[in-house]
Q: 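Below is one structure. I have some questions about it.
Just so it is clear, the model here is predicted, and its values are computed rather than measured. Heavy atoms only: backbone and side chains are in, while hydrogens, waters and symmetry mates are out.
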Amino acid sequence: MTISFLLLAAITIAGTAAAMSLRNLVHCVLALTLGLVGLAALYLQLGAQFVGFTQILVYVGAVAILAVFAIMMTRSAEPTEPHGSSSFQLSGALIAGIVFAVLAWAVSSGTKALQVQTLQPEASVNQIGVALMHGFVLPLEVIGLLLTAALIGAGVLAMDETRGAR
Amino acid sequence: MPEIIDQIFVLSKHWLLGYVPAGLQPVFSALLSVVPVLIAFPLLFAITTVLERKGLGRMQNRYGPNRTGPFGILQPMADGIKSLTKEDIIPRTADHLVHLLAPLLLVTASFLVYAVLPIGRNMVIANLNAGVLFFFAVGSMVELAVFMAGWSSRSKYSLLGAMRAIAQMISYEMPLVLASVVVIMAAGSLSTVAIVNMQASYTGIWPHWYVFTPWGLTGFVIFLIAATAESNRCPFDLPEGESEIIAGYYIEYSGFKFALFFLGEYLGMFATSAMAITLFLGGWAAPFSFLTWIPSYVWFFTKLLTLILVFIWIRGTLPRLRMDQLMNFAWKFMLPLSLINIFGAGVWHYMPAGLLRWLVVTLLVVVSCISLSRGLRRGKWFHVRTYRFAA
Amino acid sequence: MIGEGILKGLAETARNFFGSYVNKDRLTTVQFPEERLPQIEATRDFPFLVYDGTDWQQGLRCVSCQICEKECPPKCIYIEKSKDKKPDATGKPQSYPTTFNIDISVCMSCQICVEVCPFDAIKMDVAFELSTDDRFGGLLLNREQLAKSNEYYNKIHPTEAAAVDAAFAEERAKAEAKARQAAEAKAAAAAQTLTPGAGETTRVQ
Amino acid sequence: MSPMSGYLLLSALLFSIGLAGALTRRNAILVLIGIELMLNAANLNFIAFWRYGPNPEALTGVMFAIFSISVAAAEAAVGLSIILAVYRHSKTTNLDKMNSMKG
Amino acid sequence: MNWIVQNLWLVPALPILAAGISALAKRKSRVLAASLAIGSMAISFLLSLWAFAHVLWLRNHGEASLQIFDFRWFQFGNQWLSLGWVLNPLTAVMLVMVTFVGLLIFIYSVGYMAHDENFTRFFCFLALFAGAMLGVVIANSLLLLFMCWEIVGLTSYLLIGFWYSNPKAAAAGKKAFIVTRIGDIPFFLGMVWLYGQSGTLLFYNGGAGCLEPSAINYLVAQTTTIGICAATGIALLIFCGAVGKSGQFPLHVWLPDAMEGPTPVSALIHAATMVAAGVFLVARVYPLMSAHAGIASVLTTSTALQAVTWVGSITALFGALIAVAQYDIKRILAYSTVSQLGYMMMGLGVGGVSVGMFHLITHAFFKSLLFLGAGSVIHGCSGEQDIRRMGGLGRLMPVTFATYAVGMLALCGFPLLFSGFWSKDEILHAAHTWNISQAPFYMGAFAALLTAFYMSRQVFYVFGGKSRLAEETADLSHSLASPDTTNHHGSSAPHESPAVMTIPLMILSVFALLLGFLGTPAWPWFQSFLEDTQAPLDFSAFSTGGMLPVMLSSSVIVLLGLTIGWWFYGRKPIESVDAPDNVGRLSPSIFSALGNALYFDAIYGATFVKLNTQLSKISDWLDRWVWNGAVQTVTQIVFGFAYLDNFLDTHVVNSGFDGGCQGVSRSGQILSLLQAGRIQRYLKIVAGALIVFTILLLWKAKI
């Protein structure tokens with residue numbers, strides 16, 4: 001439980017908590033990016049460089065911007081109305097709390113028996129490339145297909161009907 | 001002797017580290033490798049501002065700043081002092097926190113990028129084996145900063161400018177990355193140091209820079225164009241086109257924050273051009289075998305300066321692109337061309353070395369370039385815009 | 001080919017860039033404070049009051065008829081008429097402005113005041129370096145700062161000044177002839193009271 | 001408390017925060033972000049298990065994380081475009097108003 | 001088979017056809033109705049003469065005088081029920097008598113009913129009655145006879161109640177109909193019993209008929225539980241029908257009241273034909289009646305015949321007694337008819353068919369003569385029927401007086417000259433020679449005496465003394481103006497009837513005189529004709545078999561009666577309407593008792609009628625409470641079940657079903673809550689599931 005882990009964990013939790021609770025949506029997204037960067041740092045700390053940088057590239061670079069664009073275009077940047085009925089909030093939070101408790105219990109009871117391998121495994125990009133090309137070729141192709149489909153789909157969905165018609 | 005000069009900085013760093021107690025060793029070594037970069041590039045920024053203004057002037061048959069100091073040498077000092085002394089106005093309805101954070105994030109992102117750029121022989125702050133990926137990852141945080149700037153100042157011009165900037169940066173990030181993919185394929189590694197080492201060797205006097213390969217050249221050209229778009233410069237400086245929306249996303253900034261934005265912008269430019277150098281122009285490698293005696297960092301910076309001059313040159317000549325032309329150019333010319341370029345690199349990789357390989361790949365690239373460009377013109381994407389009302 | 005337009009443009013700028021160092025006349029900029037371009041005669045900046053002779057208080061042509069004040073579009077002229085009268089160039093007792101302010105920060109140098117002034121008392125000056133460090137007070141010129149001699153007028157607008165002087169001389173000659181005829185009958189004293197003022201040599205012609 | 005359980009706890013916490021956000025917020029985009037967060041928590045789990053798991057050289061954890069990140073990105077894109085389309089249609093992003101699919 | 005035998009059905013059919021046509025005709029087509037009736041009757045009379053001649057021809061040629069014609073009516077099961085008609089001397093005689101008397105009465109009634117507006121209806125009923133009577137005569141089947149018997153009963157009701165607007169007439173009609181019906185029921189039972197035993201209702205069927213010896217022997221052999229043989233039982237039951245129809249002792253009450261009908265009706269129905277039907281019936285089924293166990297000799301008479309005799313003699317005496325104390329002219333004749341019918345029954349019982357029938361024929365003629373005479377008297381006195389208010393008509397209506405006197409003398413049986421003497425004498429002779437008891441003979445003789453007495457009283461009242469018509473006294477009870485008077489055209493003075501009425505009187509009086517000579521002991525042609533034997537002319541018969549003393553005694557009786565009558569009434573006829581009757585003065589109580597018909601009506605009223613009302617009350621009560629109650633309860637039960645079923649249906653089935661549907665819809669609503677379109681809710685559910693599964697997993701794993 002190194003200090004850096006605690007620090008990064010604190011940052012991530014603070015970021016995500018703020019993301020979920022702030023009133024102004026744009027602030028939420030920004031807090032989210034902070035959380036995600038914290039997460040990426042955790043990945044780096046765990047030694048998965050490639051994943052960390054992809055995380056930053058994909059989430060901070062693309063998804064955050066996308067979310068912000070969405071917020072801009074749906075005019076929800078204005079301060080949102082109050083949180084609405086408290087019972088609604090309460091129930092949501094309660095359930096989340098229970099889920100956390102259960103998972104925590106599972107984790108704590110689960111990991112006791114597991115013998116932990118301390119050596120830092122090496123995950124160089126080269127190895128990842130090899131693994132991608134050999135072991136995970138099919139998922140790679142499928143992901144390619146999926147991403148193209150998503151690209152086109154998102155484009156069409158978000159496209160303004162009139163433009164296509166003109 | 002030339003090696004000592006070459007490694008002067010590295011040696012001095014180790015020398016200095018000697019004086020540091022063991023406990024702080026890692027921190028100091030980090031500091032010592034980071035601080036010079038933090039100093040060098042802002043200086044370069046200062047120099048570039050002058051070069052740019054005088055160069056533009058010269059191109060436009062005028063002198064450029066020559067009042068501050070001899071031949072306007074002290075102009076950056078003046079700008080710096082001006083920006084420091086200028087009152088820092090924050091719009092009343094602005095979102096103070098985000099308003100403040102935007103420039104900071106921009107500058108940090110821009111500085112972070114230099115971690116992986118090999119300035120000289122084994123003079124790289126962090127030799128990550130996914131260096132290029134790091135470069136693009138951190139590079140993409142700039143857009144977020146731009147958005148924060150644009151949105152937080154709560155003015156229509158700034159928001160519009162930010163949106164345009166982000167749109168442009170995102171759409172040009174694709175060709176940028178794909179162009180670099182070509183080099184990664186050739187070099188076989190994401191680490192920038194490895195890539196430069198791959199280009200360091202010479203055949204005869206000619207260096208093995210990737211730019212001297214057909215796919216390399218196209219990659220380099222695409223990379224440069226995308227770099228200019230990425231840093232919102234010249235033909236792609238629509239976001240802060242003064243004539244249209246005044247100053248784009250940093251309109252509501254004044255004083256030091258404004259300076260920071262400028263710094264961020266230029267640092268972005270230097271970073272992308274530095275990456276271009278590492279990827280295509282052999283990083284710190286000397287252009288000819290007989291010139292290897294000159295220290296590696298010197299080559300790096302000279303190449304950097306030449307690229308900067310090219311940028312300035314382009315800024316002086318090309319007119320501003322319209323938004324739709326800009327976007328079309330990115331998605332309908334650059335992206336396909338880079339994909340084909342990757343294909344070309346693949347073909348290059350599998351074909352035996354020789355003239356045939358050259359012919360095929362160049363043919364492939366040239367034909368695709370022509371057909372895409374004709375596609376652009378036939379689609380009248382670049383025709384003179386006729387205004388239906390204002391005719 | 002897509003690129004030839006760009007290359008031609010780059011070549012042009014490169015030519016300019018290197019040409020500027022080689023061929024001086026490419027650079028047409030005038031280093032302003034050090035070098036100045038000769039003044040063009042028809043330049044006009046802000047109005048000034050013309051006075052004959054040496055003492056501006058006596059020689060001031062303005063009779064405060066306030067036409068220019070009324071006609072001035074941005075309303076930047078402010079005149080207060082004097083109670084007493086003083087003789088003008090032709091010796092006729094005329095009133096004179098006690099205060100005559102022009103706010104040059106408001107004046108748009110349209111020269112309407114010059115055109116409507118029946119007495120050619122107000123003309124357009126060529127001085128443009130009037131920047132002051134305080135924003136309001138400095139730019140409000142009073143009567144004293146506005147008054148300038150006829151010679152200066154001839155210096156800055158020679159042709160126009162000459163035409164105006166000729167018209168004055170002719171008018172004065174006609175008036176003297178008339179006065180002479182009337183005066184010979186009257187005491188020379190009446191004639192005496194006419195000529196103490198400016199007495200510029202040019203007007204005498 | 002082995003380091004691994006620390007990461008797992010953290011991912012559980014992240015997951016529940018994401019879930020809380022998804023459950024409590026009314027705005028569609030926030031829910032989407034909440035879901036993104038839950039996905040990230042899962043990724044963290046993968047990497048933690050890869051790091052401390054039995055045979056890391058198989059790289060399954062890393063691979064899975066990469067694929068899940070790409071899928072999440074695609075999902076975010078499509079999700080947001082759907083929200084956009086819904087907004088353009090019904091001028092609201094409030095989830096309670098989007099109940100036309102109710103039974 | 002002769003044409004007449006085959007077409008004998010025409011005789012009854014023609015009058016019925018005439019009745020049908022006139023029934024459909026309009027009220028004012030009076031001539032059509034009269035001519036139709038009279039025409040049809042005339043044709044029937046001619047056909048009857050033809051049939052009579054045919055029978056004579058058959059007798060002369062020695063052929064069987066019995067000719068039958070049967071036809072099948074309908075089949076039930078595998079048996080055929082057949083009807084038919086028979087032509088034998090009995091039928092022939094009756095046919096001629098009925099048609100001839102009917103014709104005369106039709107002609108007479110044309111004049112009598114001239115002023116009545118229901119003229120056509122009257123003649124329609126008369127024709128119908130004649131047709132039915134002829135049907136009874138020719139019937140060869142007891143069933144056909146019974147059917148015609150009922151139609152005769154119907155027409156008697158219609159004719160008695162002809163002036164139905166008069167309540168007494170309507171009541172009389174109903175009374176006649178009901179009393180005859182009481183008689184007909186045993187008749188019907190007997191018929192059914194006969195059919196049950198003999199298997200056929202045809203009288204003569206070539207040996208298989210019920211009156212043929214084979215059937216008779218069979219019936220005699222059958223003994224019933226109460227000891228008498230079937231034949232006797234059936235005979236007695238059939239005799240009851242005859243008692244009802246002919247007005248014998250217990251069922252005679254309707255005959256005097258039947259006088260409410262118009263006089264020709266009384267003449268035709270209550271003198272000549274209908275009442276004779278009962279006697280004819282007994283004559284027709286005489287073989288059945290006289291059948292008895294033991295040796296087949298004629299000597300012993302069957303119980304049935306004994307019963308007939310006793311009933312006949314009682315009725316004769318009884319009728320004569322009551323007739324003495326009557327004041328209404330037609331009522332006296334009615335009671336005399338009752339007694340004469342008693343004579344006929346006694347004749348049949350003791351002397352056989354020929355004796356009874358001879359008296360029936362002679363009685364028909366002089367009784368119809370007396371009735372028509374009474375009719376012309378009433379017509380003359382413009383509807384007055386009470387003899388006390390008549391008197392002195394002998395001079396005013398000479399023809400009526402003469403014919404009436406002839407009829408009176410014939411009825412009383414004036415010696416030698418009049419037919420009544422010969423026929424009554426035959427009966428008295430037979431009664432005298434009856435081997436069982438002499439009581440009938442003495443009752444008969446006394447009845448003859450009384451007959452002579454009340455007839456002479458009547459004649460002296462009506463024709464003797466001076467006219468009492470003018471005295472209009474209000475207190476007389478039955479001074480009600482009968483419909484006859486109402487329709488007279490105002491002339492109150494008595495006057496002779498027109499020719500159309502007097503001619504039939506004269507013809508009838510001639511027959512009343514001459515008919516007796518057919519059956520004198522010297523030349524008993526009539527009896528031989530009926531018995532189908534040869535009758536030589538020999539005057540010595542008078543002396544054989546004690547015939548002479550009987551004749552002498554009866555003539556003495558008659559003369560005695562006449563003198564008594566003259567003594568009381570001829571010498572000094574009463575002067576005023578309200579003067580008491582001469583005999584009445586002697587013994588007022590007996591006289592008033594006899595005047596009220598020995599209170600039989602009252603007795604019947606008190607007993608049977610009351611019993612009947614009680615029974616009807618009881619049956620009403622039963623009907624109302626018991627049957628109705630039962631039905632009500634059943635309906636209530638059914639309603640109850642229906643209500644229960646409805647209740648079950650609505651509450652259990654429907655509501656159950658609806659309840660089920662509501663349950664489904666409510667649960668559907670609840671389920672739909674699950675999909676309220678709120679995405680967060682779905683997420684919560686997913687989270688919940690997650691929690692549950694992880695807990696399960698951990699629980700199972702039991703780390």
Q: Has A:E141 got a side-chain atom pairing as donor or acceptor with A:L138's backbone, closer than 3.5 angstrom?
A: no
Q: For A:A101, which atoms come within 4.5 Å of any heavy atom of chain D: side chain, backbone, both, or neither?
A: neither
Q: Select one option (side chain, backbone, both, neither) describing which atoms of A:L39 are under 4.5 Å from chain D's heavy atoms.
A: side chain
Q: If you count every heavy atom of other residues, nucleotides or ligands that lies below 6.0 Å from D:M38 atom CE, does the total exceed 12?
A: yes
Q: Could you tell me which portion of A:F69 (side chain, backbone, both or neither) has an atom closer than 4.5 angstrom to a non-hydrogen atom of chain D?
A: neither
Q: Would the distance check show the side chain of D:S90 and the main-chain N or O of D:Y87 forming a donor-acceptor pair, the cut-off being under 3.5 Å?
A: no
Q: What part of D:I33 lies closer than 4.5 angstrom to a heavy atom of chain A: side chain, backbone, both or neither?
A: both
Q: For the aromatic rings, using the six-membered ring if either is Trp, is the centroid distance between D:Y7 and A:F5 under 6.0 Å?
A: yes
Q: Using non-hydrogen atoms and a 4.5 Å limit, figure out which bit of D:L10 sits close to chain A: side chain, backbone, both or neither.
A: side chain
Q: What part of A:I143 gets within 4.5 angstrom of chain D, counting heavy atoms only: side chain, backbone, both, or neither?
A: side chain
Q: Among the options A:L36, A:I98, A:L151, pick out the one with the most heavy-atom pairs lying under 4.5 Å from chain D.
A: A:L36
Q: Taking side chain to side chain contact (heavy atoms under 4.5 Å, CB included) as the criterion, tell me which of A:V63, A:L57, A:I56, A:V58 meets it with A:V60.
A: A:I56
Q: Is it the side chain or the backbone of D:L13 that comes within 4.5 Å of chain A heavy atoms, both, or neither?
A: both
Q: What part of D:I29 lies closer than 4.5 angstrom to a heavy atom of chain A: side chain, backbone, both or neither?
A: side chain
Q: Using heavy-atom distances under 4.5 Å, tell me whether A:L32 contacts chain D through its side chain, its backbone, both, or neither.
A: side chain
Q: Would you please name every residue forming a side chain to side chain donor-acceptor pair (under 3.5 Å) with D:S11, sequence neighbours left out?
A: D:N45
Q: Please rank D:I47, D:L32, D:T60, D:L19 by heavy-atom pairs under 4.5 Å with chain A and give me the top one.
A: D:I47
Q: What residue, out of A:I95, A:L103, A:T54, has the most heavy-atom pairs lying under 4.5 Å from chain D?
A: A:L103
Q: Can A:Q49 and A:S124 be said to form a side chain to side chain donor-acceptor pair (under 3.5 Å), step by step?
A: CA-CA 8 Å; A:Q49 264 186 1; A:S124 78; over 6 Å; no
Q: Among A:C28, A:S91, A:G153, which has the most heavy-atom pairs under 4.5 Å with chain D?
A: A:C28
Q: With chain D as the partner, which of A:L94, A:L147, A:V156, A:T12 has the greatest number of non-hydrogen pairs under 4.5 Å?
A: A:L147
Q: Heavy-atom distances under 4.5 Å only: say whether D:F15 touches chain A with side chain, backbone, both or neither.
A: side chain
Q: Let me know if A:A62 has heavy atoms under 4.5 Å from chain D in its side chain, its backbone, both or neither.
A: neither
Q: Count the heavy-atom pairs under 4.5 Å between each of D:I83, D:V86, D:V78 and chain A, then report the option with the highest count.
A: D:V78
Q: Who pairs with D:S70 by side chain to side chain donor-acceptor pair (under 3.5 Å), at least two apart in sequence or on another chain?
A: none
Q: Nearest heavy-atom pair of A:A131 and D:L59: which atoms, and what distance?
A: CB-CD1, 3.9 Å
Q: What pair of heavy atoms forms the shortest contact from D:W50 to D:G61, and how long is it?
A: CB-CA, 3.9 Å
Q: With a 4.5 Å cut-off on heavy-atom pairs, point out which of D:R51, D:M63, D:E75 contacts chain A the most.
A: D:R51
Q: Verify the neighbour count for atom CZ of D:F64: are there more than 12 heavy atoms of other residues, nucleotides or ligands below 6.0 Å?
A: no
